[in-house]
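We're numbering straight along the sequence, starting at 1. Counting starts at 1 for both ligands and their atoms, in listed order.
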Amino acid sequence: MKHYVDAAEKAARAAGDLLRKNFHQSKRVNAAEAHDIKLEIDVTAQDLITRSLLKEFPQHALYGEEGIVGDQLSEHQWIVDPLDGTVNYFYGIPHFCVSIAFRFQGEIIAGVIYDPMRDEMWCGQKGEKPRLNGHHFRVSERAELGEAVISIGLSKTGEMIDSNLPLFGEMVHRVRKCRVLGSAALDMAYVACGRFDAYIERGISLWDIAAGWLLIESAGGKVDLRPREDMKDKYSIVASNGVIDLKL
Ligand code: LIP
């Protein structure tokens, strides 16, 4: 399994370097909606990751935010978000990352998340303690809701924002602090290493949370992921340190 983590780390670092090098350059917009932006560099970064991974594993499939490659029924599948936090990236807010997970026979067994601006690389594989820049980490032990710092994602359409706002309105009074930072993958990484005690979002895609899911469970936390019946390929997620009762 280590060779999957090594391959993911190499691809994530290459894409992260590309994103960092172009962070202060003007960015080509492929599409802009009320609450979302699609950039050309999202596509360029995914192409770089695809070439890197499929050069080592030509038979594997890839399921990414910017498109799919190969047979998605293959038992070897990479799940990729080349730039999570695209709106932050476009506005020059240095809070975004690359997220790469590997799924074997339907189970996520390896994952990396790379924040190129802070040079933070979270790596994990099933059955092993995960590492941040080489050092093991665990979820927080905070059980008291009133002492918790949590993150809530608002998602990217009016409908999904309406679905998340009431939750924000409730939780902001129950916890110490509620953050909305705009990168689900970094939210997951922050729960995994104990910076956040929980992360909640209704209307997220698999590529946003796949690697973080493996990291949180390997670090002793809990992830509750439910497909949305009303939205294709969208999920509701509650990720936490596994001891806090969010009273949802
Ligand atoms: C983003 C997620 C974030 C969510 C945004 C968007 P993207 O992903 O990380 O949690 O609230 O709407 O989905 O589009 O930057 O990859």
Side-chain angles (χ1 to χ4, degrees), residues 12 15-16 18-19 22-23 27-49 62-68 78-101 111-117 120 122 150-168 171 178-192 195-196 198-213 215-216 223 225-228 231-240:
L18 172 88
L19 295 170
N22 289 279
F23 185 61
K27 290 134 189 158
R28 197 161 133 209
V29 175
N30 285 353
E33 285 142 30
H35 308 293
D36 193 27
I37 288 179
K38 292 276 174 216
L39 299 174
E40 181 57 24
I41 201 161
D42 284 87
V43 178
T44 318
Q46 182 162 319
D47 290 348
L48 183 63
I49 292 165
L62 187 141
Y63 174 77
E65 179 159 11
E66 305 310 322
I68 63 171
W78 294 92
I79 303 168
V80 174
D81 189 341
L83 169 47
D84 187 54
T86 304
V87 173
N88 285 347
Y89 187 84
F90 180 69
Y91 282 81
I93 301 164
H95 188 78
F96 58 88
C97 66
V98 181
S99 176
I100 301 176
V112 305
I113 294 175
Y114 181 48
D115 174 347
M117 301 309 277
E120 289 191 312
W122 290 266
I150 72 167
S151 172
I152 293 192
L154 294 180
S155 205
K156 56 176 107 184
T157 66
E159 188 194 348
M160 287 201 244
I161 291 169
D162 289 343
S163 149
N164 284 296
L165 266 184
L167 175 73
F168 184 88
M171 296 307 288
C178 233
R179 302 299 185 207
V180 181
L181 298 184
S183 166
L186 281 178
D187 289 335
M188 297 286 279
Y190 283 22
V191 171
R195 292 174 189 171
F196 285 156
Y199 155 64
I200 312 167
E201 187 156 1
R202 296 171 176 162
I204 203 68
S205 302
L206 185 60
W207 48 70
D208 293 304
I209 51 91
W213 186 0
L215 292 169
I216 290 175
V223 175
L225 189 73
R226 303 189 183 177
R228 300 246 344 197
M231 293 174 192
K232 189 171 171 319
D233 297 333
K234 289 288 179 188
Y235 300 81
S236 289
I237 189 165
V238 178
S240 78

Looking at every heavy atom in both Leu62 and Gln46, which two are closest together, and how far apart are they? CD2-NE2, 3.7 Å
Which residue pairs pass the salt bridge (charged side-chain N to carboxylate O under 4.0 Å, His left out) test when at least one of the two sits in residues 201-213, sequence neighbours left out? none
Validation row: Leu165, Ile161 side chains within 4.5 angstrom (heavy atoms): yes
Using the test side-chain hydrogen bond (donor to acceptor under 3.5 Å, both in side chains), find all partners of Arg195 that sit at least two apart in sequence or belong to another chain. Glu120
Which parts of the protein, at residue level, reach under 4.0 Å of ligand 1 through a heavy atom? Glu65, Asp81, Leu83, Asp84, Gly85, Thr86, Leu154, Ser155, Lys156, Gly182, Ser183, Ala184, Glu201, Ile204, Asp208
Go through the structure and list residues passing side-chain contact (heavy atoms from CB on, under 4.5 Å) with Asp162, not counting sequence neighbours. none
Closest heavy-atom pair, Val180 versus Phe168, reported as atoms and distance to 0.1 Å, is CG2-CE1, 3.6 Å
